[in-house]
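Residue numbers run from 1 in the order of the sequence given.
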Amino acid sequence: MYFLIIVSALCFSTVLEFLPIENLFIDFRSPQQVINYLYPSSERIADVVYDEKSCMVILEKSKNNYINTYFGTDNNSYKITTVFDYSTESQYDDRYVNLSITHINNSSDYYLCGTYYFGEDIQTIKDTSDSDIKFIPIGVINSKQSSKVYKSYLIYGTINSYTKNYSLEINNQTIVFN
C-alpha cells in the first residue's frame, strides 16, 4: 500500500511539472512578473519580442550568457509555457551558425533564435519574410587553428509569415533553413 502511494505521488508530481497549474489561478500582467515568479534569483530581461499569441523573452543569466524562453499571451495576461506548447520547426547548424526556428503550437507565431560567429561586425541582417531580426554582441572568440578572431552574436526575433523556403541573410551571407 505504501509503495502504491509513493508511486502515485511521484507520478502526480511529474505530471504537475509539465502542466503549470499556476496558469489556472494567476494572471501575470507582464513578462517581468512571470520571470520574477519562475526565476526569483534576479535574471535580467535583455529584450522581449512579441507576436500575436505569445512572446519570446531573452534573459541575461550572466555577462554574455543569454537564454530564451516563451510565454503565451491571452487577454493582456501572460501564461507559463511548457515544452508541449512549442516545437522546433527548422534548424540551421554548422561550424559558425546555430539558429533555430520555434513555432508556438496552435498559433501562427514563429521565432528565430541562436548564435552566429563571424570575423566582422554585423552590418546588415534581413530575411525573406521582412521580419524585425535583432542581435546582441556576445563576445570575441580566438581561433585555435589560426590567428582569426570571431565575434559572436545572439540573433533573435519574430518571423512574419513563416514559409518553408525561409532564409536569412547576414552581411550578404545567405542561410537557408530546411
Side-chain angles (χ1 to χ4, degrees), residues 17-20 23 28 31-32 34-35 38-39 43-74 78-141 143 148-178:
E17 184 71 28
F18 292 107
L19 301 172
N23 286 342
F28 298 103
Q32 184 67 53
V34 185
I35 295 300
L38 292 175
Y39 309 103
E43 266 77 1
R44 186 182 80 78
I45 293 180
D47 200 0
V48 179
V49 291
Y50 298 90
D51 213 331
E52 291 179 31
K53 294 186 178 184
S54 63
C55 68
M56 177 174 61
V57 179
I58 305 296
L59 294 173
E60 185 175 15
K61 304 268 304 165
S62 60
K63 184 176 171 60
N64 297 330
N65 182 13
Y66 297 89
I67 63 167
N68 64 311
T69 188
Y70 306 96
F71 301 130
T73 57
D74 184 31
Y78 295 84
K79 301 295 182 187
I80 300 169
T81 57
T82 67
V83 294
F84 301 114
D85 294 324
Y86 54 89
S87 58
T88 301
E89 183 70 24
S90 184
Q91 278 187 251
Y92 184 90
D93 192 11
D94 73 8
R95 188 172 176 183
Y96 303 106
V97 182
N98 182 356
L99 295 169
S100 63
I101 297 171
T102 302
H103 175 231
I104 305 301
N105 298 338
N106 302 316
S107 77
S108 61
D109 297 356
Y110 290 86
Y111 295 95
L112 172 72
C113 193
T115 53
Y116 179 78
Y117 302 96
F118 201 64
E120 60 188 61
D121 292 333
I122 291 180
Q123 302 297 320
T124 60
I125 184 167
K126 60 185 177 179
D127 68 358
T128 53
S129 297
D130 196 30
S131 305
D132 183 22
I133 306 299
K134 302 176 179 185
F135 62 90
I136 298 173
I138 297 174
V140 175
I141 299 169
S143 174
K148 192 162 182 153
V149 174
Y150 293 95
K151 297 178 180 184
S152 60
Y153 297 91
L154 175 70
I155 295 177
Y156 64 97
T158 61
I159 299 174
N160 301 329
S161 306
Y162 173 77
T163 61
K164 295 291 182 185
N165 60 353
Y166 178 81
S167 66
L168 181 70
E169 185 178 295
I170 303 172
N171 290 359
N172 298 318
Q173 175 189 3
T174 302
I175 298 167
V176 178
F177 291 80
N178 42 352

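Inter-residue side-chain proximity for I155 and I122 is flagged as met; some heavy-atom pair is nearer than 4.5 Å. Residues Y162 and L112 have side chains not in contact (no heavy-atom distance under 4.5 Å, counting atoms from C-beta outward). Contact annotation: the side chain of I101 never approaches that of T88 to less than 4.5 Å [non-hydrogen atoms, C-beta and beyond]. Between I58 and C113 the shortest side-chain heavy-atom distance falls below 4.5 Å. Contact check for Q173 versus Y116: side-chain heavy atoms found under the 4.5 Å cut-off.
In this structure, K134 pairs ionically with D47, as a charged nitrogen and a carboxylate oxygen lie closer than 4.0 Å.
For the side-chain contact (heavy atoms from CB on, under 4.5 Å) with L38, the qualifying choice from L59, T69, I80 is I80, the only one to do so. Results of the side-chain contact (heavy atoms from CB on, under 4.5 Å) test with M56 over D109, V49, T102, T158 single out V49 as the only residue that passes.
Taking CD1 from I136 and CD from E60, the interatomic distance works out to 7.5 Å, rounded to the nearest 0.5 Å. The CG atom of D130 sits 9.5 Å away from atom CG of D132, with the distance rounded to the nearest 0.5 Å. Atom NE2 of residue H103 and atom OG of residue S90 lie 13.0 Å apart, to the nearest 0.5 angstrom. To the nearest 0.5 angstrom, T115 atom OG1 is 14.5 Å from F135 atom CZ. Within the model, atoms OH of Y111 and CD of E89 stand 14.5 Å from one another, a figure rounded to the nearest 0.5 Å. Considering CD1 of I170 and CD1 of I133, their distance stands at 9.0 Å, rounded to 0.5 Å.
In this structure, N106 places its CG atom where only 12 or fewer heavy-atom neighbours from other residues, nucleotides or ligands lie under 6.0 Å away.
At least one donor-acceptor pair under 3.5 Å links the side chain of S131 to the backbone N or O of N160. Between the side chain of S161 and the main chain of S129, no donor-acceptor pair closer than 3.5 Å is present. Side-chain N or O atoms of T81 include none that pairs as donor or acceptor with a backbone N or O of G72 at under 3.5 Å. One N or O on the side chain of N171 and one on the backbone of T124 form a donor-acceptor pair closer than 3.5 Å.
K53 meets the salt bridge (Lys or Arg N to Asp or Glu O under 4.0 Å) test with no other residue; sequence neighbours excluded. By the salt bridge (Lys or Arg N to Asp or Glu O under 4.0 Å) test, D121 is found to be paired with K151, residues two or more places apart in sequence or in another chain being considered. In this structure F177 satisfies the ring-ring contact (aromatic ring centres under 6.0 Å, His included) test together with Y166, sequence neighbours excluded.
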**Report entry** Pair Y78-F71, ring pair (Phe, Tyr, Trp, His ring centres under 6.0 Å): steps then yes or no
**Finding:** CA-CA 6 Å; Y78 295 84; F71 301 130; 7.3 Å; no

Requested in this report: Could you go through the side chain to side chain contact (heavy atoms under 4.5 Å, CB included) check for I104 and D51 one step at a time?
Outcome: CA-CA 10 Å; I104 305 301; D51 213 331; over 6 Å; no

Query raised in the report: Can you list the steps and then say if E52 with S107 is a side chain to side chain contact (heavy atoms under 4.5 Å, CB included)?
Result: CA-CA 8 Å; E52 291 179 31; S107 77; over 6 Å; no

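In this model, no donor atom of one side chain and acceptor atom of the other lie less than 3.5 Å apart for N68 and Y66.
Here the closest heavy-atom approach between residue P31 and residue V48 is recorded as CG-CG1, 4.1 Å.
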